[in-house]
Asks: 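Provided herewith is a single structure, encoded as structure tokens, for subsequent inquiry.
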Amino acid sequence: MMSELALFPLRSVLYPGGLLELKIFEARYLDLMARCMREGSSFGVVALTSGTEARTSDEPVGLHDVGTRAELIDVDAAQAGILLVRCRGGSRFALTGSRQQADGLWVGDATAIEDDTHVPPGERHANLVASLAEAVKTLGEQGAHPFLEPHRFDDAGWVANRWCEVLPLPVEARQRLLTVVEPLARLDVIEQLMQTRHASG
């Protein structure tokens with residue numbers, strides 16, 4: 001089912017279940033956050049193929065055609081005219097068209113993409129799961145909590161998405177991983193990337 005969705009273009013990729021923190025100061029996005037809080041609605045995060053996040057360049061803006069809905073967790077008015085926003089990645093969507101309004105806000109025609117099927121990681125992924133769990137434990141002991149709870153180490157899609165967030169990958173690679181439909185296939189790609197990094201390192 002297609003719907004019009006307000007868009008927030010970024011030079012990064014948001015994954016379902018992921019944490020997104022934003023510092024909002026542009027009027028178009030302050031208005032968007034106010035509307036989302038008022039209506040309890042979400043907005044779409046899409047990675048840029050060209051252009052910049054801020055309205056400070058004449059370079060044409062290009063958007064990838066698959067993004068993720070961002071659901072507000074909390075909003076803090078740090079100071080006048082500035083909001084600190086924390087969001088959770090929701091469902092993915094496909095864009096069939098996009099346009100920029102007079103106020104600079106991008107909107108798109110979005111079609112929902114089905115959420116990952118809940119499947120456990122395969123035996124071949126045991127090391128990936130164990131390494132991620134150990135990293136979460138170590139970071140937690142240091143007071144860092146990069147992942148939103150609950151932690152679902154028995155869910156292949158969740159594990160794959162968290163690895164996508166922490167691996168040092170270019171935006172284009174992150175975007176391709178976002179579009180991999182099968183969660184086990186996404187984990188397989190992560191495993192291959194890890195093996196390649198280990199071999200070259």
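Here the structure is a predicted model, which is why all the values come from computation and not from measurement.
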Asks: To the nearest 0.5 Å, what is the distance between CD on Q101 and CG on L7?
Replies: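 Q101 atom CD to L7 atom CG measures 9.5 Å (nearest 0.5 Å).
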Asks: Applying the 4.5 Å side-chain criterion to the ILVMFWY set and letting contacts propagate, would L63 and L32 be lumped into a single cluster?
Replies: no
Asks: Can you classify the ring geometry of W158 versus F153 as parallel (below 30°), tilted (30 to 60°) or perpendicular (above 60°)?
Replies: perpendicular
Asks: Is there side-chain contact between I113 and V66, with heavy atoms separated by less than 4.5 Å?
Replies: yes
Asks: What do the steps show when you test V107 against L5 for side-chain contact (heavy atoms from CB on, under 4.5 Å), and what is the final call?
Replies: CA-CA 5 Å; V107 295; L5 182 65; over 6 Å; no
Asks: So which heavy atom on V181 is nearest to which on R186, and how close?
Replies: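 What the structure gives for the nearest pair is O-NH2, 3.6 Å.
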Asks: Does M33 belong to the same Ile/Leu/Val/Met/Phe/Trp/Tyr cluster as L20, with side-chain heavy atoms less than 4.5 Å apart forming each link?
Replies: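 Shared cluster, yes.
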Asks: Enter the distance from L169:CG to Q175:CD here, rounded to the nearest 0.5 Å.
Replies: 12.5 Å
Asks: Can you name the nearest heavy-atom pair linking S50 to P60, along with the distance?
Replies: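 Heavy-atom minimum between the residues: OG-O, 3.2 Å.
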Asks: Roughly how far apart are E165 CD and L177 CG, rounded to 0.5 Å?
Replies: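 That separation rounds to 11.5 Å.
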Asks: Would you name the heavy atoms of L30 and G81 that are closest together and state the gap between them?
Replies: CD1-O, 3.7 Å
Asks: Start with the C-alpha distance between H64 and V46, add both sets of side-chain angles, then the distance that settles side-chain contact (heavy atoms from CB on, under 4.5 Å), and finish with yes or no.
Replies: CA-CA 6 Å; H64 279 285; V46 285; 5.5 Å; no
Asks: How long is the span from the CG atom in D31 to the CD atom in E26, to the nearest 0.5 Å?
Replies: 11.0 Å
Asks: Less than 3.5 Å apart, which donor and acceptor atoms pair up between the side chains of residues 84-97 and the rest of the protein, not counting sequence neighbours?
Replies:
| unit_1 | atom_1 | unit_2 | atom_2 | d |
| --- | --- | --- | --- | --- |
| R86 | NH1 | D74 | OD2 | 3.0 |
| S91 | OG | D115 | OD1 | 2.9 |
| R92 | NH1 | L178 | O | 3.0 |
| R92 | NH2 | E114 | O | 3.3 |
| R92 | NH2 | D116 | OD1 | 3.2 |
| T96 | OG1 | D109 | O | 3.3 |

Asks: Is there a chain of hydrophobic side chains (I, L, V, M, F, W, Y, each step under 4.5 Å between heavy atoms) that links L193 to L128?
Replies: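 Yes; L128 is reachable from L193 via cluster members.
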Asks: Only one of L22, D76, I24 forms a side-chain contact (heavy atoms from CB on, under 4.5 Å) with L83, so which one is it?
Replies: I24
Asks: Minimum heavy-atom separation for R174 and V166, please, with both atom names.
Replies: NH1-N, 4.5 Å
Asks: Got a sec: does the CD of E172 have more than 12 other heavy atoms crowding it under 6.0 Å?
Replies: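 Yes, CD of E172 has more than 12 neighbouring heavy atoms, counting only those of other groups under 6.0 Å.
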Asks: In terms of hydrophobic clustering (I, L, V, M, F, W, Y; side-chain heavy atoms under 4.5 Å; direct or indirect links), are V119 and V180 co-clustered?
Replies: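 The answer is no; the residues belong to distinct hydrophobic clusters.
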Asks: Is there a side-chain contact (heavy atoms from CB on, under 4.5 Å) between H125 and D188 once you walk through the steps?
Replies: CA-CA 8 Å; H125 305 129; D188 286 338; 2.7 Å; yes
Asks: A side-chain contact here means heavy atoms from C-beta on lying under 4.5 Å apart; do R28 and Q100 qualify?
Replies: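 Yes; the side chains approach each other to less than 4.5 Å.
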Asks: For the atom pair CZ (F8) and OG (S42), what is the distance rounded to the nearest 0.5 Å?
Replies: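 These two atoms lie 14.0 Å from each other.
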Asks: Apply the test side-chain contact (heavy atoms from CB on, under 4.5 Å) to residues L14 and R69: give CA-CA distance (whole Å), side-chain angles for both, the deciding distance (0.1 Å), then the verdict.
Replies: CA-CA 8 Å; L14 175 63; R69 284 182 177 269; over 6 Å; no
Asks: Specify the closest pair of heavy atoms between T68 and P16, including all atoms of both residues, with the distance to one decimal.
Replies: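 Scanning both residues, the minimum pair turns out to be CG2-N, 4.0 Å.
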Asks: Please say yes or no: joined through hydrophobic side-chain contacts below 4.5 Å, possibly via intermediate residues, are V171 and I190 part of one cluster?
Replies: yes
Asks: For a quick test of your reading: what N or O donor-acceptor pairs under 3.5 Å do the side chains of residues 129-150 make, sequence neighbours left out?
Replies:
| unit_1 | atom_1 | unit_2 | atom_2 | d |
| --- | --- | --- | --- | --- |
| S131 | OG | N127 | O | 2.9 |
| T138 | OG1 | E134 | O | 3.0 |

Asks: Could you measure the distance from the CZ atom of R124 to the CG atom of L184? Nearest 0.5 Å is fine.
Replies: 6.0 Å
Asks: On a heavy-atom basis, which atom in R35 and which in A6 lie closest, and how many Å separate them?
Replies: NH2-CB, 3.7 Å
